[in-house]
Number of protein chains: 2
Amino acid sequence: MANRDLHGGLPGPQGGDIGGLLAEVLADMPDAQLHGLEGIARLRDIPRGGVVVTEGGRPDEIGYLIHGALGMQKQLPDGRVHIIGLLVPTDMYGRLFDGPAAYDIVALTDARVLAFPRDAFERILVSSPEIERRFLVNVLDELDSAREWILLMGGHKIVERLASFLLILLRRMLRGGRHRVPGAPIMVRIPIRRVDLAHYLGTTPESVSRALHELEGQGLVRLRDAYEIEIADLPGLVRVSGADHLGAERAG
Amino acid sequence: MANRDLHGGLPGPQGGDIGGLLAEVLADMPDAQLHGLEGIARLRDIPRGGVVVTEGGRPDEIGYLIHGALGMQKQLPDGRVHIIGLLVPTDMYGRLFDGPAAYDIVALTDARVLAFPRDAFERILVSSPEIERRFLVNVLDELDSAREWILLMGGHKIVERLASFLLILLRRMLRGGRHRVPGAPIMVRIPIRRVDLAHYLGTTPESVSRALHELEGQGLVRLRDAYEIEIADLPGLVRVSGADHLGAERAG
DNA sequence: CGAAAACATTGACGGTGGTCAATGCTTGAC
DNA sequence: GTCAAGCATTGACCACCGTCAATGTTTTCG
């Protein structure tokens, strides 16, 4: 069942145009720098459930996610799992100049990543201020995402959290290049299973299901199937989310 | 009432040894670099409730917290407040190479900060790879704190969250130089009021109070007063917290 | 010192959501 | 096609916590 199409399909059987992918992931980077990276990049496919980085292990690669979804998750002593970060395409993972990873990174869907050996990546980073600055900005972005997530987790009611989640997802999709067609309905694809989403929102699959169908009952969204969500009333959804999430509106 | 001693007292009426503070905050930084920064540093006292950075405004300074506690907080449209980050001494605030702030930063207690004008700081950063690398590590640390916090917010029961909070606080205190005296009881000072703590844990002052006294009832902590907490049973507290928080134990 | 203000705590009550269990639905294998 | 596995959904029950209100406690100020 790992082949279930949660990730929207891979572009081709291999689609191995590394240079093109690099340019896409690291937009506005001078070509000269890109070529240095291209030499050491490696394309890797990971089946759902596959572990990319293990907690406690010293990750030996830095990577950019091309397709699918990765989750940064932590196993609690009592068996529960909590997902503390979701990676969608163009997001980066891996640690630099730093100790062991504090959490696992696992593939929540079949995924494809563009990976760099850690040491080589660090060498290039040190020798090239542009890339290092770029990387710094990446980390600052991640920090923003994390803070955004903390804010989301502060919403007490699950419906709030779920609405926030959908809006964050929407904004990230829009950021990722695709633009809204004025007339067409706004669609969001939840890239992960209910269990994972529940772990992510700090709740249970049951509650996620209920919340989702409550939003549908209020006419704010429509469920094509369990994963394809149509946003029927964006301002309404924003209102329910509690936070402002103006970014989602501006980005439209 | 702004003079209530939540922050452990300031070292002196002015205590303005900027060089010494810098060396403390930026440990393991070559002296040459420190002198460049010393010239532009400015010591600033902020009363409780004072706003350090305003959401949406372009922060014009970068600072390190010397004493007290700062909160990064967001005002929700419905009037609720949510604190998404707590800054304790040696933590850094401010944004570089970047847009407007996404949240307010306010003083939760009377506080003292070591501030740098943003542009001058950026100039020094660009011209000095050591400091830039150092700054990058700072940001990575912040990212860790944020993730840790997300994990904490995942704990469903308030007692769990509170236990995690105490452990995080304990570890940060230990990191800050002070070491445990083997015989003496482990003391943690909650640096902020109940309301702020509640906003921070995503709950209410009432629930915080209840949770705290429940921990006391279980013999895990003892309350000297509302702010001075004695950790009576560290392993027990770790167990309740759900997460592992091994750092707190190792650091002892 | 006495009064008022700011906080913390405690109590009662109702709603949200976690838990356990049963039922549907979809996919993939034979 | 049928069957089984993997998920999603729905329902019932009850613990936990948010809310409102009252009481204690500490600090501040006249």
Side-chain angles (χ1 to χ4, degrees), chain A residues 1-7 47-49 76 78-82 108-110 153-163 189-218 221 223-229 240 242, chain B residues 1-7 9 47-49 76 78-82 108-110 153-163 189-217 221 223-229 240 242:
Chain A
M1 191 147 300
N3 282 333
R4 191 182 209 149
D5 184 17
L6 286 181
H7 50 288
R48 194 182 76 183
L76 300 187
D78 60 10
R80 284 182 305 178
V81 173
H82 195 217
L108 300 180
T109 70
D110 292 347
M153 293 294 290
H156 308 149
K157 300 206 272 186
I158 304 290
V159 205
E160 279 179 43
R161 299 192 193 182
L162 185 60
R189 164 178 284 271
I190 298 179
I192 55 179
R193 295 173 309 163
R194 290 287 186 275
V195 206
D196 293 321
L197 180 51
H199 288 154
Y200 197 35
L201 297 179
T203 181
T204 63
E206 293 94 328
S207 293
V208 170
S209 187
R210 278 189 260 267
L212 207 38
H213 287 270
E214 181 177 333
L215 286 180
E216 187 173 36
Q218 295 179 16
V221 304
L223 283 74
R224 296 277 170 91
D225 64 43
Y227 300 94
E228 289 286 349
I229 314 293
V240 169
Chain B
M1 192 148 301
N3 282 333
R4 191 184 209 147
D5 183 18
L6 286 181
H7 49 289
R48 193 182 77 183
L76 300 187
D78 60 9
R80 282 181 306 177
V81 173
H82 195 218
L108 300 180
T109 70
D110 293 347
M153 292 294 289
H156 309 147
K157 300 207 273 186
I158 305 291
V159 205
E160 279 180 41
R161 298 192 193 182
L162 185 60
R189 164 178 283 271
I190 298 179
I192 56 180
R193 294 175 307 163
R194 289 286 186 274
V195 206
D196 294 321
L197 180 51
H199 288 155
Y200 197 35
L201 297 179
T203 181
T204 63
E206 294 94 329
S207 292
V208 170
S209 187
R210 279 188 259 267
L212 207 37
H213 287 270
E214 182 177 333
L215 287 182
E216 187 172 36
V221 305
L223 282 75
R224 295 277 170 92
D225 63 43
Y227 299 95
E228 290 287 351
I229 313 294
V240 170

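Within every chain, numbering begins at 1; the chains are lettered A, B, ... in the order of the sequence lines, protein sequences first and strands thereafter.
A salt bridge between B:Glu216 and B:Arg224 is absent, with no side-chain N of the basic residue lying under 4.0 Å from a carboxylate O of the acidic one.
B:Glu206 places its CD atom 10 Å from the C1' atom of D:dA21, with the value rounded to the nearest Å. Distance, A:Glu228 CD to D:dC7 C1': 17 Å, rounded to whole Å. Whole-Å rounding puts the B:Arg48 CZ to C:dC7 P distance at 5 Å. In this structure, the CD atom of A:Glu216 is 16 Å from the P atom of D:dA8, given to the nearest Å. If you take NE2 of A:His213 and P of D:dC7, they are 17 Å apart, rounded to a whole angstrom. With rounding to whole Å, B:Ile192 atom CD1 is found 10 Å from C:dA8 atom P. Put simply, NZ on B:Lys157 is 17 Å from C1' on D:dG18, counting in whole angstrom units. Remark: C1' of C:dT10 and CZ of B:Arg210 are 7 Å apart, rounded to the nearest angstrom.
Between B:Ser207 and the phosphate of D:dG18, there is a side-chain N or O to OP1/OP2 separation shorter than 4.0 Å. The phosphate of D:dG18 has OP1 or OP2 within less than 4.0 Å of a side-chain N or O from B:Thr204. At the phosphate of D:dC7, neither OP1 nor OP2 sits under 4.0 Å from any side-chain N or O atom of A:Tyr227.
Here the nucleotide nearest the side chain of B:Thr203, chosen from D:dG18, D:dA8, C:dT9, is D:dG18. When the nucleotides C:dG18, D:dT19, C:dA8 are ranked by their closest atom to the side chain of B:Arg193, C:dA8 comes out on top. With D:dT9, C:dA8, C:dG17 as the choices, the nucleotide that has an atom nearest any side-chain atom of A:Arg194 turns out to be D:dT9. In this structure, of C:dG17, D:dC17, D:dA8, it is D:dA8 that holds the atom nearest to the side chain of A:Ala226.
For A:Leu76 against B:Gly242, the heavy-atom pair with the smallest separation is CB-O, 4.4 Å.
Of the possible donor and acceptor atoms, none in the side chain of B:Asp110 sits under 3.5 Å from a partner among the backbone N and O of B:Pro47. Side-chain N or O atoms of B:His82 include one that pairs as donor or acceptor with a backbone N or O of B:His199 at under 3.5 Å. Under a 3.5 Å cut-off, the side chain of B:Arg161 and the backbone N or O of B:Gly155 do form a donor-acceptor pair.
Mapping A:His156 and A:Val195 onto DNA chain D via the closest heavy atom, the residue that lands nearer the 5' end is A:Val195.
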